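So the structure is just underneath, and the comments pick up after that.
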Protein chains: 2
Amino acid sequence: MTLTIKEIAKLAGVSKSTVSRVINDSEHVSDRARKKVKEVIQETGYVPNSLAKNLKRNKTDTIGVVLPKINTSTFSSAVEGISNIMYQKGYNLLLTNTKLNIKDEITYLKLLKEKRVRGIIFFATEITEEHIEVLKKIEIPVIIVGQDSSELLDYPCLIQDDFNAAASIVDYLVNAGHKKIAYIGVKESDVAVGKLRKKAYLKVLAENKLEIKKSYLYQGDFSIQSGYRGMKNILEKAEETPTAVFAVTDRLALGAIKFLKDKGFQVPADISVVGIGNSDISPWVVPEITTINYDHLKTGERAAEILLDCLDGGIHKTKEVMDYQIIERNSVRKI
Amino acid sequence: MTLTIKEIAKLAGVSKSTVSRVINDSEHVSDRARKKVKEVIQETGYVPNSLAKNLKRNKTDTIGVVLPKINTSTFSSAVEGISNIMYQKGYNLLLTNTKLNIKDEITYLKLLKEKRVRGIIFFATEITEEHIEVLKKIEIPVIIVGQDSSELLDYPCLIQDDFNAAASIVDYLVNAGHKKIAYIGVKESDVAVGKLRKKAYLKVLAENKLEIKKSYLYQGDFSIQSGYRGMKNILEKAEETPTAVFAVTDRLALGAIKFLKDKGFQVPADISVVGIGNSDISPWVVPEITTINYDHLKTGERAAEILLDCLDGGIHKTKEVMDYQIIERNSVRKI
DNA sequence: TTTATTTTTGGAACCGTTACCATAATAAAA
DNA sequence: TTTTATTATGGTAACGGTTCCAAAAATAAA
């Protein structure tokens, strides 16, 4: 049977109030009483019930996190970052994993409200009308991460500079002398990864007066496999073999490289490949993948910080853009 | 301002009790009352306070998860597995990330008790006296994952078959004709990964009357980098170059392969490398890494299931061993 | 219609804390 | 010593739900 404050009070020969004061390190407790109470707590192993406490105080120290998928390095690193900051500030994390299921997101948002979490970190892939509706009346501080919500919602958002990052790396290919650049991407309803990165690709090609061939374009999902298939597809369709491939994630790039090697192509001698995301394995494969580095851990940390500011009544609406760097390795040949 | 059940009652012209019955789908509510209450809830967007509910009911639907690190595929996959099962059963996950800091584990265990979580899934790396003490008096169902606690604690535990798995893959090397097999491992205080896998390596070598050279043994940490350094170290020290390397994780194997390639060795033509863990990238690098597959997602799911059984008053103490398979790819040369 | 039975309701106690207020004890000042 | 200020303490009312019980209303049986 779990002990309550009342029983501790009785054992220590004081009132509930005094025990409560000791637990919360309040003043106005005599040394004698404090010592006695601490002894009893130690002996009995009493642990206060935070449900009661939070109910009374009308707030919790829990932060809700809504994630589309947990077992990818992007998100798990971000969660690591969030937990770094939040635990240090005395908050803990209630995790919800939507498995890329939009409908679940709505459910989980409601669940977090039930739990009266102090704030919510929402990793968005898409923002639908329904999201907007639910988020608008949630009455809990929220920060949106990963998609630009600044025109839709009055919450702060934190995004990667997807457009410029993608433009930079495609630019890098062009500057290396490549003119036939293929594209392996994902569905455009994912604005950040699918739409913006593709848009940047198209823009850079157009700016440099390079032809945009339909056969150079492949749209898959987020799996490594999809990169493999994408590369296969492009090579089969294209009448002219591209000299470079822009994959919108490192995992897609890895899949593409694998296909090329399987078919006897040299990377980068025959075909260059770049990705985005700087996955932790990218420096360790051959060739080491040239990519864009986003610091997901830092993104998580920053998201946590912004949310904390909101809780302190600071920031209300901002749009913050995380920076990026090109990581030049050796999956690109200079022509 | 957040609404309470009282206000909903007033708006619907009924008592708190009736509103409560409607929320919980109890019987004994007239259709008229039920309809009215539902309307008001819909209009106002009322969401009940689960703190109050759980306090009264004296139980929560939250499962605590204690993790040593979240951003590695082992753990994030396991969490994915846990969440698959738990959400389906109406539980949610409170995540604590100890960042391999043993002291934090104790703190978090107490925190979870404060939160009155329904059960705890504890991913152990080491089990110290202090762990045992805290776990013994926690009064919450716990399942230990990853380390064999069956002789120390009265909780169920779920482990990988580390010894046999490692023995199998070293056996595989021996059967392929290798006689000079190096070892890249981690600290032995990690019983499962550090101690058992090394023990298996030593045993298989001994059984086959192969010499165990000190220069063939390297102990690092869990980073890819460590595999790289380990390989370097072994090659520098050993008077005779090994023909095969057993790395205790795929990440270590990846690092080792990278070093070999950097130095102009062919893998597997010159030196074979195997790992354990079947990381998601292992099939996609060149050479594809021969390894042992543990299904971490399934491990997470199974851990969740066992815990659920405990909650239902079923299982109390078991020791369950997850199985494994050798995944034969092409990082090993048959001599 | 009256009585018995069932269904629907509201009232109140309770879950384990905190926080306010009044009182008691102690220390300081007169 | 008495008065005043200060500190320590206990009692009690919340917090927002659930749940039991008794009363009221509706329905069925006599």
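Atom set for the values below is all heavy atoms of this structure, side chains included, hydrogens, waters and symmetry mates excluded. So you know, we letter chains A, B, ... as the sequences are listed, proteins then strands, and number each from 1. Model, not experiment: these values are computed from the prediction.
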Rounded distance in Å - CZ (B:R34) to P (C:dT8): 9 Å
Base D:dG17 paired with B:K16 side chain (donor-acceptor, <3.5 Å): yes
Nearest-Å distance for atom pair CD/P, residues A:E114 and D:dG17: 10 Å
Flag for B:T128-B:H131: side-chain donor and acceptor within less than 3.5 Å: yes
Residues B:R302 and B:E305 bridged, charged N to O under 4.0 Å: yes
Separation of D:dG16 P from B:I8 CD1 (nearest whole Å): 12 Å
Euclidean distance, atom CZ of residue A:R57 to atom P of D:dG16 [Å, nearest integer]: 15 Å
Nearest listed nucleotide, side chain of B:T18, among D:dG17, D:dT9, C:dG10: C:dG10
Integer-rounded Å distance: D:dG17 C1' and B:L51 CG: 10 Å
D:dT18 phosphate, OP1 or OP2, under 4.0 Å from B:N24 side-chain N/O: yes
Short side-chain N/O contact from B:S15 to OP1 or OP2 of C:dG10, under 4.0 Å: yes
Spacing between B:K115 atom NZ and C:dT17 atom P, to the nearest angstrom: 14 Å
Touch class at under 4.0 angstrom, heavy-atom based, for B:N58 against every strand present: nothing
Distance below 4.0 Å between A:S30 side-chain N/O and D:dT7 OP1 or OP2: no
Sugar-phosphate only, base, or nothing, as touched by A:T4 at under 4.0 Å among non-hydrogen atoms: sugar-phosphate
Sugar-phosphate, base or nothing in reach of B:A33, heavy atoms under 4.0 Å: sugar-phosphate
Close aromatic pair by centroid cut-off 6.0 Å: A:F122 and A:Y155: no
Closest nucleotide among C:dG10, D:dG17, C:dT17 to the B:P48 side chain: D:dG17
No-H, no-angle donor-acceptor pair, B:R21 side chain to C:dG10 base, under 3.5 Å: yes
Nearest-Å distance for atom pair CG/P, residues A:L55 and D:dA14: 14 Å
Given D:dG16, D:dG10, C:dG10, the nucleotide with the shortest approach to the side chain of A:S17: D:dG10
From CA spacing to verdict: salt bridge (Lys or Arg N to Asp or Glu O under 4.0 Å), B:K319, B:D148: CA-CA 8 Å; B:K319 170 175 162 182; B:D148 186 352; 2.7 Å; yes
Out of D:dA8, D:dT19, C:dT7, whichever nucleotide has its closest atom nearest the side chain of A:H28: D:dA8
Salt bridge B:D61-B:K53, side-chain N to carboxylate O under 4.0 Å: no
Donor-acceptor pair under 3.5 Å, A:K6 side chain vs C:dT17 base: no
For atom CG of A:N49 and atom P of D:dG16, their distance in whole Å: 17 Å
Which residue lies more 5' along DNA chain C, comparing A:S50 with B:R32 via nearest heavy atoms: B:R32
Distance below 4.0 Å between A:Y46 side-chain N/O and C:dT17 OP1 or OP2: yes
Nearest-nucleotide comparison on DNA chain C, the residue closer to the 5′ end among B:A52 and B:D31: B:D31
Under 3.5 Å: donor-acceptor pair, side chain of B:T98, backbone of B:E105: no
Which nucleotide in C:dG10, C:dT17, C:dC14 has an atom nearest any side-chain atom of B:K56: C:dC14
